[in-house]
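Structure first, commentary second.
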Amino acid sequence: MEARLDLFGNAVTAKFIRHINAAGKALEAVELPKFTADLVLIRASQVNGCGFCLDMHTKDAAEAGETAQRLHMIAAWREAKVFTDAERAALELAEAGTRLADASGGVSDEVWANAAKHYDEDQLAALVGVIALINAYNRLNVITQQPAGDYRPGMFG
């Protein structure tokens with residue numbers, strides 16, 4: 001597969017990516033468990049069919065110590081026993097926030113309340129930010145057909 005556009009070589013997309021990367025930096029101070037954020041990144045990327053992000057975030061999670069079993073079970077998180085209730089709530093929020101067009105009314109009050117049982121307001125804000133950012137990255141990569149498979153953990157700094 002050949003990318004339609006060189007995202008880092010094009011001045012417009014390179015500048016846009018720098019800005020969304022900066023937005024992501026604003027979330028780093030929040031104490032959201034790293035593996036929870038990784039699960040959210042991976043699940044949204046699965047839903048959106050973003051091979052580039054799946055390649056990156058599964059490799060980064062594995063490098064950070066996430067188990068292969070849990071990585072393999074993310075797509076079936078509802079049935080998998082390997083996730084905590086808090087992680088399930090984050091995955092549910094990520095999925096609902098990614099599938100906005102599939103649900104009339106967007107994210108339901110029940111999904112939000114379930115997440116709010118496990119995360120404080122700042123953590124919820126960080127989860128919303130992570131979900132929004134990964135959806136933006138997914139769309140950039142899917143629209144421009146960025147190929148997957150060559151990512152090495154840490155290659156983007």
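Keep in mind that what you see is a predicted model, and the values were worked out from it rather than measured.
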- request: Answer yes or no: does atom CG of Asp150 have more than 12 heavy-atom neighbours from other residues, nucleotides or ligands under 6.0 Å?
  value: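 Open.
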State, to 0.1 Å, how close [X] and [Y] come at their nearest heavy-atom pair, and which atoms those are.
{"X": "Asn138", "Y": "Cys53", "value": "ND2-SG, 3.3 Å"}
{"X": "Ala115", "Y": "Leu93", "value": "CB-CD2, 4.2 Å"}
{"X": "Arg139", "Y": "Asn48", "value": "NH1-ND2, 3.3 Å"}
{"X": "Ala44", "Y": "Asn135", "value": "CB-ND2, 4.3 Å"}
{"X": "Trp112", "Y": "Val107", "value": "N-CG1, 4.4 Å"}
{"X": "Lys59", "Y": "Tyr151", "value": "NZ-O, 2.9 Å"}

To the nearest 0.5 Å, what is the distance between [atom1] on [X] and [atom2] on [Y]?
{"X": "Ile134", "Y": "Ile42", "atom1": "CD1", "atom2": "CD1", "value": "9.5 Å"}
{"X": "Leu39", "Y": "Ile74", "atom1": "CG", "atom2": "CD1", "value": "5.0 Å"}
{"X": "Asn141", "Y": "Met56", "atom1": "CG", "atom2": "CE", "value": "7.5 Å"}
{"X": "Arg152", "Y": "Asp55", "atom1": "CZ", "atom2": "CG", "value": "10.5 Å"}
{"X": "Thr58", "Y": "Gln46", "atom1": "OG1", "atom2": "CD", "value": "9.0 Å"}
{"X": "Met73", "Y": "Lys81", "atom1": "CE", "atom2": "NZ", "value": "10.5 Å"}

query: Taking atom types as modelled and ignoring hydrogens, do the side chains of Thr144 and Gln146 form a donor-acceptor contact shorter than 3.5 angstrom?
result: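 Per modelled atom types, Thr144 and Gln146 side chains form a pair under 3.5 Å.
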field: Steps toward side chain to side chain contact (heavy atoms under 4.5 Å, CB included) verdict (Trp77, Glu87)
entry: CA-CA 9 Å; Trp77 64 267; Glu87 290 169 335; over 6 Å; no
Are [Y] and [X] linked, directly or through intermediate hydrophobic residues, by side-chain heavy-atom contacts shorter than 4.5 Å (ILVMFWY only)?
{"X": "Leu7", "Y": "Met155", "result": "yes"}
{"X": "Val111", "Y": "Phe83", "result": "no"}
{"X": "Leu54", "Y": "Val40", "result": "no"}
{"X": "Phe35", "Y": "Val30", "result": "no"}
{"X": "Leu71", "Y": "Val130", "result": "no"}

query: Is a side-chain N or O of Glu31 found less than 3.5 angstrom from the main chain of Gln123, in a donor-acceptor match?
result: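 No, because the side chain of Glu31 does not come within donor-acceptor range (under 3.5 Å) of the backbone of Gln123.
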- request: Keeping the roles fixed (side chain from Glu95, backbone from Glu92), state whether a donor-acceptor pair exists under 3.5 Å.
  value: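 Judged by distance alone, no pair lies under 3.5 Å.
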- request: Evaluate side chain to side chain contact (heavy atoms under 4.5 Å, CB included) for Leu41 paired with Tyr137, printing each intermediate quantity in order.
  value: CA-CA 10 Å; Leu41 295 171; Tyr137 281 117; over 6 Å; no
Could you tell me if the side chain of [Y] sits less than 4.5 Å from the side chain of [X], heavy atoms only?
{"X": "His57", "Y": "Asp38", "answer": "no"}
{"X": "Leu140", "Y": "Ile20", "answer": "yes"}
{"X": "Phe156", "Y": "Asn21", "answer": "no"}

task: Kindly indicate, with the supporting measurements, whether the criterion side chain to side chain contact (heavy atoms under 4.5 Å, CB included) is fulfilled by Leu27 and Leu133.
output: CA-CA 10 Å; Leu27 305 175; Leu133 284 171; 3.8 Å; yes
task: Show your reasoning for whether side chain to side chain contact (heavy atoms under 4.5 Å, CB included) applies to Arg18 and Lys15.
output: CA-CA 5 Å; Arg18 279 194 304 276; Lys15 184 176 183 179; 3.6 Å; yes
